[in-house]
Amino acid sequence: MAGPKTPDDALGAMAARIRATVDADVPGFPHYADTGTGAWTTTPDGFWTGGYWNAMLWLGGAVFDDAALVAEARRWTERLRPRIGSESVFRGFLFYYGAALGSILHGDEDARDLALAAAGRLGGDFDPRLGLIPLGAQAEEAHTVGADEANIDGLAAVPLLLFAAGAGGGAGLRDRALRHTLRSAELCIRDDGSVVQSVSLDPDTGAPVRTYTHKGVSDSSTWTRAQAWAMQFLAHAARCMPEQTALMDAALRVTEWWIANAPNDRVAYWDFDAPIDHDTRKDSSGTAIAATAILKLSGTVADPDAAARYRRFAEETLLTLAASHLTPVAPGDRRPPGMLTNGCFDQRSGVALANELIWGSYYLLEGLAMLAGRLETGRI
Ligand code: GLY
């Protein structure tokens, strides 16, 4: 695909896509889209993904200086209110991206209050026996594996708790964020720096009983988004809590593993252990999550050589995603411009295997905005 070659061209295409989605007046939160037509499959309540649509509006409003997108973001953020009390660690995804960003980028007080309310409830789900916040009964995977499982995707709780801790959200949230992060890292990062998605814990002692994956090839494989989520949220935690050197150590380990194992074209397959043939799916969304994490880490890591190496790697990855997987603004191309194609949501269930995924688009937008100098690295 001859997609956009520069961050500014890619951002232009993504702005067109965001505005087209607004104009489409979709009935629920965009979740994944058909990359032939651009038609969205939506979720009525935001599932774990809906906050990324709000985030595209909040961030798009800032990056494209577009007040109409900010107004739209306010409307969608209010639609998350019924989820404040959802029993799910994935409220971190919903309310950091879907609400806290409104406060961070635009000083929106309603969005801040919604994020604080959700963070207070989420922090209350910290289980001292397990040493972390478990999945919760309403989390995506809990219906098959149970509510008390630990999951690396659950690190999404960390930015929300840390935002709330810094915005007057109450005592103890920062400590819970730290403990949740360290425990998740201890349970899910293997000795070689690769990440396993999920862990069962003994309900009495909290000791790990088994490690496994919901969405990867096998229990011993490395599912791409397990690695990517660990990178994203460990980089965030390390930036926010620099005095906790174990966080930076963990962020560097998972990042170095990605860099050492990424394919030559930089865009990861859906699982690093997936047998490769011409049908094997890429996951542009996991790659976008990882690339923005590396870019953010480049702004935090102390060693200037490492910082330069990370920035180069992240830039190459983001520009490859744009050039090879983002639909262009081109008269001969009938697809809507600005869609990040080739996201693989759930290979095991056969759902959305080569689609535009709302969170993948969000992280590409965030990464390109940082590369273009339109968003301070590490502001989000
Ligand atoms: N549960 C988060 C993901 O599928 O990436």
Side-chain angles (χ1 to χ4, degrees), residues 29-33 41 43 45-53 55 83 86-98 122 132-147 149-160 180 184 187-188 194-199 211-217 221-236 254 258 267-272 274 281-293 340 342-364 366:
F29 291 88
H31 178 31
Y32 58 84
T41 295
T43 62
D45 67 351
F47 189 41
W48 63 267
T49 58
Y52 285 108
W53 170 233
R83 299 294 307 278
S86 279
E87 290 173 49
S88 168
V89 70
F90 297 152
R91 272 174 292 172
F93 288 120
L94 284 177
F95 288 96
Y96 179 70
Y97 292 97
L122 182 59
L132 47 65
I133 303 171
L135 274 177
Q138 291 172 279
E140 178 194 1
E141 284 93 355
H143 61 284
T144 47
V145 298
E149 302 293 284
N151 190 307
I152 198 71
D153 320 18
L155 277 184
V158 173
L160 180 64
H180 180 68
S184 302
L187 292 168
C188 295
S194 67
V195 176
V196 66
Q197 186 183 6
S198 305
V199 185
T211 56
Y212 65 102
T213 180
H214 311 274
K215 287 203 177 115
V217 165
S221 76
T222 302
W223 176 53
T224 291
R225 289 209 300 282
Q227 194 75 27
W229 290 130
M231 291 164 66
Q232 180 65 226
F233 298 127
L234 286 168
H236 188 104
V254 295
W258 179 284
V267 182
Y269 291 96
W270 68 280
D271 187 298
F272 280 87
R281 307 290 185 184
K282 292 279 190 179
D283 184 10
S284 61
S285 80
T287 304
I289 297 164
T292 56
L340 179 60
N342 299 111
C344 182
F345 170 44
D346 192 343
Q347 175 82 29
R348 280 193 174 192
S349 307
V351 180
L353 304 187
N355 291 71
E356 178 187 19
L357 306 175
I358 191 67
W359 62 94
S361 294
Y362 167 76
Y363 285 107
L364 181 61
E366 189 191 314

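When a residue number appears, it is its place in the shown sequence, counting from 1. As the structure lists them, so they are numbered: ligands from 1, and atoms in each ligand from 1.
- Ligand 1 places these atoms under 4.0 Å from at least one heavy atom of Lys215: 1 (N), 3 (C), 4 (O).
- By the criterion of a heavy-atom distance under 4.0 Å, the side chain of Trp223, and not its backbone, is placed next to ligand 1.
- Here the closest non-hydrogen pair linking Val254 and Leu234 is CG2-CD1, 4.0 Å.
- The shortest heavy-atom contact between Leu155 and Ala230 is CD1-CA, 4.2 Å.
- Applying the 4.0 Å criterion to heavy atoms of Trp229 picks out, from ligand 1, the atoms 2 (C), 3 (C), 5 (O).
- Near Glu140, meaning under 4.0 Å from any of its heavy atoms, are these atoms of ligand 1: 1 (N).
- Only one option out of Trp359, Trp270, Tyr52 pairs with Ser285 in a side chain to side chain donor-acceptor pair (under 3.5 Å); it is Trp359.
- When every heavy atom of Arg225 is checked against every heavy atom of Lys215, the shortest pair comes out as NH2-CD, 4.1 Å.
- Contacts with ligand 1 closer than 4.0 Å are made by no heavy atom of Trp359, backbone or side chain.
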| request: Apply the test ring pair (Phe, Tyr, Trp, His ring centres under 6.0 Å) to residues Phe29 and Trp53: give CA-CA distance (whole Å), side-chain angles for both, the deciding distance (0.1 Å), then the verdict. | output: CA-CA 7 Å; Phe29 291 88; Trp53 170 233; 9.0 Å; no

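- Looking only at distances, no side-chain donor or acceptor of Gln197 sits under 3.5 Å from a matching main-chain atom of Thr213.
- Summary of contacts: the protein heavy atom closest to atom 5 (O) of ligand 1 is Arg225 NE, 2.6 Å.
- Of the protein's non-hydrogen atoms, the one nearest atom 2 (C) of ligand 1 is Asp153 OD2, 3.0 Å.
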